[in-house]
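Since the structure comes first, as structure tokens, the remarks are kept for the end.
A quick note: this is a predicted structure, and the numbers were derived from the prediction, not measured.
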Amino acid sequence: QFQQANYAQGTVATYIVFADYYEKKGKLESSKRYLTLAEQLSKKIRYFKGEANVVRRIGGLYLQQSKYDSAQVYHFKSLKIASKNKYFEGIALAQNHIAVVYDMQGNSIKALEYYQQALKTARANDLVSLQGTILNNIGIIYQNKGELLKALEYQNKALKIGEKLNFPQLVAHATSNISSIQRELQNTDKALELQNKAANINKELDEIGTLKDNLLDLALIHFKKKDLKVAELTARKALEIAKQTNDLRTQSGVYELLANIEKDKGNFERALFYTDTFRTIRDSIHSIQKFKTTAELEAKYQNELKQTKINLLQKDNLLQQANIEQQSTLKQYFIIVLALLSVIVALLFNRYRLKSKSYFALQEQNDLLEAKNNEIQDKNKRIELLYDEMQHRFKNNLQLIESLMKLQAQQPQMDSNAQLILQESQNRIATISMLQQYLNQSNQHGQIKLVDYLTDIAEHLKISFQFDSIFSFHESEISVK
């Protein structure tokens, strides 16, 4: 119906539902087929969130088949898609799954590194349920390292988050892991209680993938309590589910436990059979992984070789196109350069012509200005001569008048009053004569030094009237003593 309605995201969701169904039934290849269809459709419609989730889920299926390298390829691909599109939940989920694979491969350092990155991303984006899952996984790392109390601390944190959010899957995982830690701490009764609780939750959820792990842990607890019959029955239930899901890792664990059970029962021949089966499965896991890695490397090499050839052909084609384009471009450049040169030559010629015209016009103006300048200089010289002549005559006339008055005043028939009037007029003419002399000698036209001028007048008056007083003049005041 979704396909008929052309509702692509709904179709992706439907593919995932089918994939979940087949995964729970242990039919991993069928689940993988539907997830691949969901991946292709998500990529086609650019549904990046769905694509990142589906790719990560495919990696999870490879992980269940113990194909760690293939699982990691898909997990890193999911991380790349989520990071490119800033899908933070997808980033944290991919980091968590990458850490799980590293843990399965025995690389606890890299596993812990990616778990811490995932936890940081989940906390920064308030992804509480995911924080619980990551805390649960970190607890497993510390449990495998033998740091049981630290592992128990992380598992209890994960359990609290699961119970607070009513997240049964997380509660089941955390409870199962706490049970495993309690078993290692020799608290078998507590371990048995917790593992039964986890198994019941997974039965209700129909999570057979994790139920087989619960059953294997229950079998180990019963074995530790020397309840060999219950341990064997529980182990065989786990083995049945592991075979359905093609989980070689769980199968190897079950056969190892069955070998120990038969050894304790004294059935050494049967114990040897289970031991050989355990070793065969363990070796096959490594062989499958090695073969898968080799096949992947070969496929990668062939793809790279093919891609190299394609790149070379594309490069040759690009070179040919580049040569053709280069020739065409050179022709165009040549035409453009010729056109530009023609324009430049025309502009230069026009500029030269205008410059020559301007030069001759400027030369003509300079000649006119020079002629006028010479004329003005000649006029100035005549004016200066006339001015000097006028000053000379003015001075001579003043001296002549002064001399005539002096002769007139010396006449015997002149009375004292007339002599005084002539003396006063004579002094005035002398004052004007001195002023005219100072003006002629001054460097600044129309300005004289008043102190010097007054001093000379005072000396003249002193001589004229035969005063005995001493005159002194200053810039700021005139005083008479």
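- For the pair Tyr62 and Gln72, the minimum side-chain heavy-atom distance is 4.5 Å or more.
- With hydrogens and angles disregarded, a donor-acceptor distance shorter than 3.5 Å links the side chain of Thr210 to the backbone of Glu207.
- Of the possible donor and acceptor atoms, one in the side chain of Asn85 sits under 3.5 Å from a partner among the backbone N and O of Ile81.
- In terms of heavy-atom proximity, Ala198 sits nearest to Ala172 at CB-O, 3.4 Å.
- Partner of Leu194 under the side chain to side chain contact (heavy atoms under 4.5 Å, CB included) criterion, chosen from Ile178, Ile181, Asp189: Ile178.
- Once rounded to the nearest 0.5 Å, the distance linking NZ of Lys32 with OG1 of Thr36 reads 8.0 Å.
- Each of Asn196, Asn202, Asn200 was checked for a side-chain hydrogen bond (donor to acceptor under 3.5 Å, both in side chains) with Asn214, and the lone residue meeting it is Asn202.
- In this structure the side chain of Asn260 reaches within 4.5 angstrom of the side chain of Lys263, judged on heavy atoms.
- No hydrogens or angles considered: a donor-acceptor pair under 3.5 Å links the side chains of Asn137 and Asn96.
- Nearest heavy-atom pair across Ile134 and Tyr115 is CG2-O, 3.4 Å.
- Leu248 places a side-chain heavy atom less than 4.5 Å from the side chain of Asn246.
- Within the structure, the side chain to side chain donor-acceptor pair (under 3.5 Å) test picks out no pair touching residues 123-133 (sequence neighbours left out).
- Thr245 and Gln64 share no donor-acceptor pair across their side chains, judged by distance under 3.5 Å alone.
- Residues forming a salt bridge (charged side-chain N to carboxylate O under 4.0 Å, His left out) with Glu232 (at least two apart in sequence, or on another chain): Arg236, Lys265.
- Salt bridge absent: Glu193 and Lys197 never bring a charged side-chain N and a carboxylate O closer than 4.0 Å.
- Atom NZ in Lys25 sits 9.5 Å away from atom CD in Gln244 (nearest 0.5 Å).
- Note that CG of Asp264 is 5.5 Å distant from CG of Leu228, once rounded to the nearest 0.5 Å.
- In this structure, Ala71 and Gly59 approach most closely via the heavy-atom pair CB-O, 3.2 Å.
- Residue pairs meeting the side chain to side chain donor-acceptor pair (under 3.5 Å) criterion with at least one partner in residues 320-329, sequence neighbours excluded, are absent.
- Under a cut-off of 6.0 angstrom, the local environment of NZ in Lys43 is sparse, with at most 12 non-hydrogen atoms contributed by other residues, nucleotides or ligands.
- Both the sub-6.0 Å distance and the 45° axial angle are not jointly satisfied by Lys86 relative to the ring of Phe48.
- With sequence neighbours excluded, no residue satisfies salt bridge (charged side-chain N to carboxylate O under 4.0 Å, His left out) with Asp227.
- The neighbour count for Leu330 CG, taken as heavy atoms of other residues, nucleotides or ligands under 6.0 Å away, is above 12.
- Contact of the Glu256 side chain with the Arg282 side chain is not registered, since no non-hydrogen atoms from C-beta on lie closer than 4.5 Å.
- Remark: the backbone N or O of Leu28 is not paired with any side-chain donor or acceptor of Glu23 at under 3.5 angstrom.
- From Ile98, atom CD1 reaches atom CD of Gln117 across 8.5 Å, with rounding to the nearest 0.5 Å.
- The minimum heavy-atom distance linking Ile208 with Gly26 is given by the pair CD1-N, 3.9 Å.
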*CA sep, side-chain torsions, deciding dist, call: Leu354, Arg351, side-chain contact (heavy atoms from CB on, under 4.5 Å)*: CA-CA 5 Å; Leu354 291 173; Arg351 184 178 178 184; 5.8 Å; no
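- When side chains are defined from C-beta on, Ile261 counts as touching Phe223, because their heavy atoms get closer than 4.5 Å.
- Under the rule for a side-chain hydrogen bond (donor to acceptor under 3.5 Å, both in side chains), the partners of Glu39 that lie at least two apart in sequence or sit in another chain are Lys77.
- Residue pairs meeting the ring pair (Phe, Tyr, Trp, His ring centres under 6.0 Å) criterion with at least one member in residues 316-363, sequence neighbours excluded, do not occur.
- For Lys381, the salt bridge (charged side-chain N to carboxylate O under 4.0 Å, His left out) test picks out no residue, with sequence neighbours left out.
- At a threshold of 4.5 Å between non-hydrogen side-chain atoms, the residues Ser176 and Asp217 count as touching.
- Rounding to the nearest 0.5 Å gives a distance of 11.0 Å between CD of Glu184 and CG of Leu152.
- In this structure Ser252 satisfies the side-chain hydrogen bond (donor to acceptor under 3.5 Å, both in side chains) test with no other residue, sequence neighbours excluded.
- In terms of modelled atom types and a separation under 3.5 Å, the side chain of Ser31 and the main chain of Lys27 share no donor-acceptor contact.
- One N or O on the side chain of Asp247 and one on the backbone of Thr250 form a donor-acceptor pair closer than 3.5 Å.
- When the shell of 6.0 Å around CZ of Phe18 is examined, it contains 12 or fewer heavy atoms from other residues, nucleotides or ligands.
- Tyr22 meets the ring-ring contact (aromatic ring centres under 6.0 Å, His included) test with Tyr34; sequence neighbours excluded.
- Between Leu170 and Ile161, some side-chain heavy-atom pair lies under the 4.5 Å cut-off.
- Nearest heavy-atom pair, Leu258 versus Ala235, reported as atom, atom and distance to 0.1 Å: CD2-CB, 4.1 Å.
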*List the steps and the verdict of salt bridge (Lys or Arg N to Asp or Glu O under 4.0 Å) for Glu163 and Lys160.*
CA-CA 5 Å; Glu163 290 174 343; Lys160 284 181 182 179; over 6 Å; no
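- The closest donor-acceptor contact from the side chain of Asn177 to the backbone of His173 lies under 3.5 Å.
- The closest donor-acceptor contact from the side chain of Thr234 to the backbone of Leu215 lies at 3.5 Å or more, if one exists at all.
- Around the CD atom of Glu364, the shell of radius 6.0 Å holds no more than 12 heavy atoms that belong to other residues, nucleotides or ligands.
- The ring pair (Phe, Tyr, Trp, His ring centres under 6.0 Å) contacts involving residues 83-105 comprise His75-His97, Tyr102-Tyr114, where partners must be two or more places apart or lie in separate chains.
- Under the rule for a side-chain hydrogen bond (donor to acceptor under 3.5 Å, both in side chains), Tyr142 has no partner lying at least two apart in sequence or in another chain.
- Considering OG1 of Thr277 and CD of Gln251, their distance stands at 10.5 Å, rounded to 0.5 Å.
- The minimum heavy-atom distance linking Ala191 with Arg183 is given by the pair CB-N, 3.6 Å.
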*Please walk me through it: do Lys67 and Leu61 pass side-chain contact (heavy atoms from CB on, under 4.5 Å)?*
CA-CA 9 Å; Lys67 297 177 180 179; Leu61 294 179; over 6 Å; no
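- Taking the side chain as every heavy atom from C-beta outward, Glu153 and Lys157 approach each other to under 4.5 Å.
- By the salt bridge (charged side-chain N to carboxylate O under 4.0 Å, His left out) test, Glu240 pairs with no residue at all, sequence neighbours left out.
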